[in-house]
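See below for the structure under consideration.
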Amino acid sequence: MQWTLDQLRQFVTTADCGSFSAAARQLGKAQSAVSTAIGLLEADLGLELFDRSRRNAQLTDAGLVLLLEARELLRQAEALDSRARALHDGSEATLTLALDEALPYTAISALIREIAARFPDLDLTLLNGTATEVADYVDQERAQIAFHFVRGALPACFDQRHIGTVPQGAFVAEGHELARLKIVQRKDLAKYRQLIMEAEDVQETAYSARLWRSDSFYSIAEMVADDLGWAILPINIGTYQAYRKPLKQLHCPSLALPPLSVRMLWCQGWQPTPTVQWVQSRFTQLLNQVQRIE
């Protein structure tokens with residue numbers, strides 16, 4: 001196998017242009033050079049690619065088939081060259097992001113689309129889980145960085161950066177007795193089971209003597225939809241449309257719920273790369289946009 005990528009490029013260009021002379025003009029070569037290159041390619045392949053009995057460069061049946069293969073080989077070569085240039089310029093070859101499953105999906109999906117457009121050669125892996133799980137992924141070096149809701153103090157093995165907030169509210173299932181009240185007081189909440197987030201070393205505020213716990217906001221929301229109690233949830237979780245029964249946000253001014261803080265974390269001593277810095281900056285902007293919408 002002695003053929004070259006340049007010969008394949010001249011073959012594809014000739015097929016696209018419909019003649020050797022037109023291909024030569026486009027490539028900036030002499031017509032004889034293009035004709036010779038394709039002749040050598042045909043000799044190496046043992047096949048005629050063009051029917052030279054015709055005036056124009058018309059592909060043979062074999063040429064039609066091999067044209068598809070040539071296009072794919074040139075595409076792969078260009079991808080290899082693009083990846084090499086990106087690595088030479090300091091971009092990562094791979095990146096693994098760990099994402100809190102409760103973060104706003106609109107911000108996450110927009111971020112992933114923009115990563116695809118800005119870093120087309122990046123080998124990206126996404127790991128999803130609870131706030132605790134995504135921190136563990138970083139600690140176990142399964143992911144370089146994680147985005148999650150702040151759930152208590154950060155262990156000394158991590159470094160962090162605050163990137164935004166997400167509003168939260170109190171929710172019940174549509175039709176719940178609390179949903180009938182225009183203004184809900186704390187004493188009203190105390191009458192019903194509260195579903196709270198279970199997080200290691202974090203004490204969630206309890207407003208009811210009856211408590212059920214889970215480590216997943218989505219699991220809690222599903223239980224709220226099943227009329228098992230009320231819960232304080234990120235607004236994006238509470239307003240999600242796929243539950244068995246719609247959730248209703250309670251108007252409870254006395255709770256004065258602050259927005260949930262979101263941070264990026266990574267292992268102490270590791271320096272965020274330019275790609276990671278861009279991801280952090282862009283996700284910060286997207287979270288701020290979501291908060292304004294909410």
Side-chain angles (χ1 to χ4, degrees), residues 99-109 128-135 147-154 162-263 283-284 286-294:
L99 301 169
D100 190 325
E101 63 183 5
L103 289 170
Y105 178 73
T106 51
I108 293 291
S109 61
N128 295 279
T130 64
T132 300
E133 287 172 340
V134 298
F147 293 114
H148 73 170
F149 283 116
V150 174
R151 311 300 296 174
L154 194 66
H162 171 80
I163 65 167
T165 59
V166 174
Q168 59 179 339
F171 289 86
V172 293
E174 193 175 77
H176 192 282
E177 290 184 17
L178 287 172
R180 301 170 187 166
L181 302 177
K182 290 184 178 180
I183 298 179
V184 178
Q185 306 291 340
R186 291 193 186 190
K187 64 181 181 179
D188 300 316
L189 297 173
K191 298 175 184 178
Y192 302 94
R193 180 186 295 117
Q194 181 183 358
L195 310 172
I196 66 175
M197 175 64 72
E198 172 72 13
E200 187 177 344
D201 299 328
V202 178
Q203 295 296 322
E204 296 293 327
T205 302
Y207 299 94
S208 172
R210 291 183 291 165
L211 301 173
W212 281 10
R213 299 174 178 84
S214 173
D215 66 351
S216 167
F217 276 125
Y218 276 107
S219 176
I220 291 173
E222 292 285 359
M223 289 191 287
V224 172
D226 285 335
D227 255 338
L228 297 176
W230 66 273
I232 297 172
L233 300 167
I235 296 295
N236 60 290
I237 302 292
T239 55
Y240 189 55
Q241 299 297 313
Y243 302 123
R244 186 183 65 83
K245 186 186 293 186
L247 306 189
K248 180 178 179 181
Q249 185 176 356
L250 301 175
H251 180 49
C252 189
S254 62
L255 285 184
L257 296 172
L260 293 169
S261 182
V262 180
R263 66 187 170 198
F283 194 48
T284 299
L286 291 168
L287 279 179
N288 289 336
Q289 291 174 15
V290 169
Q291 184 172 13
R292 288 196 295 271
I293 293 173
E294 298 290 355

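- Pairing each heavy atom of Ala107 with each of Leu286, the nearest pair is O-CD1, 3.6 Å.
- Annotation for Thr165 and Ser261: closest pair CG2-CA, 4.2 Å, computed over non-hydrogen atoms.
- Using a distance-only test at 3.5 Å, with no hydrogens or angles considered, no donor-acceptor pair links the side chain of Gln194 to the main chain of Gly229.
- Rounded to the nearest 0.5 angstrom, Glu198 CD and Thr132 OG1 are separated by 9.0 Å.
- Rounding to the nearest 0.5 angstrom, the gap separating the CD1 atom in Ile163 from the CG atom in Leu103 is 7.5 Å.
- Minimum heavy-atom separation, Gly164 to Leu287: CA-CD1, 4.5 Å.
- Listed by chain and residue number, nothing satisfies the ring-ring contact (aromatic ring centres under 6.0 Å, His included) test with Phe171 (two or more places apart in sequence, or in another chain).
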### Task
Check the pair Leu250 / Asp188 against side chain to side chain contact (heavy atoms under 4.5 Å, CB included), numbers first and verdict last.
CA-CA 11 Å; Leu250 301 175; Asp188 300 316; over 6 Å; no
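- Put simply, the side chain of Trp230 never gets that close to the backbone of Ala170: no donor and acceptor are under 3.5 Å apart.
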### Message
Checking Leu255 against Leu189 for the side chain to side chain contact (heavy atoms under 4.5 Å, CB included) test, could you report, in this order, the C-alpha distance in whole Å, the side-chain angles of both residues, the deciding distance, and whether it holds?
### Response
CA-CA 10 Å; Leu255 285 184; Leu189 297 173; 3.9 Å; yes
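- A donor-acceptor pair is defined here as one N or O able to donate and one able to accept, closer than 3.5 Å; no such pair exists between the side chain of Glu101 and the backbone of Leu99.
- Minimum interatomic distance between Val184 and Leu178 (heavy atoms only, all atoms of both residues): CG2-O, 3.9 Å.
- Heavy atoms from other residues, nucleotides or ligands lying under 6.0 Å from OH of Tyr218 number more than 12.
- With a 4.5 Å cut-off on side-chain heavy atoms, Ile183 and Pro253 count as touching.
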### Task
Carefully, step by step, assess Tyr243 and Ile237 under the rule side chain to side chain contact (heavy atoms under 4.5 Å, CB included).
CA-CA 10 Å; Tyr243 302 123; Ile237 302 292; 3.3 Å; yes
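- With a 4.5 Å cut-off on side-chain heavy atoms, Thr130 and Phe217 do not count as touching.
- Considering OH of Tyr192 and NE2 of His176, their distance stands at 6.0 Å, rounded to 0.5 Å.
- Among residue pairs with one or both ends in residues 221-245, those qualifying as salt bridge (charged side-chain N to carboxylate O under 4.0 Å, His left out) are Asp226-Arg244, Asp227-Lys245; sequence neighbours excluded.
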### Task
Would you sort out whether Met197 and Phe149 count as a side chain to side chain contact (heavy atoms under 4.5 Å, CB included), showing the intermediate values?
CA-CA 12 Å; Met197 175 64 72; Phe149 283 116; over 6 Å; no
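- Counting only distance, with no hydrogens or angles, the side chain of Arg186 and the backbone of Ser254 share a donor-acceptor pair below 3.5 Å.
- Val224 and Ala173 make their closest contact through O-CB, 3.2 Å (heavy atoms, listed as atom of the first residue, atom of the second, distance).
- With rounding to the nearest 0.5 Å, the separation of CD in Gln249 from CD1 in Ile232 is 11.0 Å.
- Looking at Arg193, its side chain never comes within 3.5 Å of a backbone N or O of Arg210 through a donor-acceptor pair.
- Residue Gln168 holds its CD atom at 5.0 Å from CG of Leu257, rounded to the nearest 0.5 Å.
- At least one side-chain heavy atom of Arg263 sits less than 4.5 Å from a side-chain heavy atom of Leu154.
- Between Arg151 and Leu260, the shortest heavy-atom contact is NH1-CD2, 4.2 Å.
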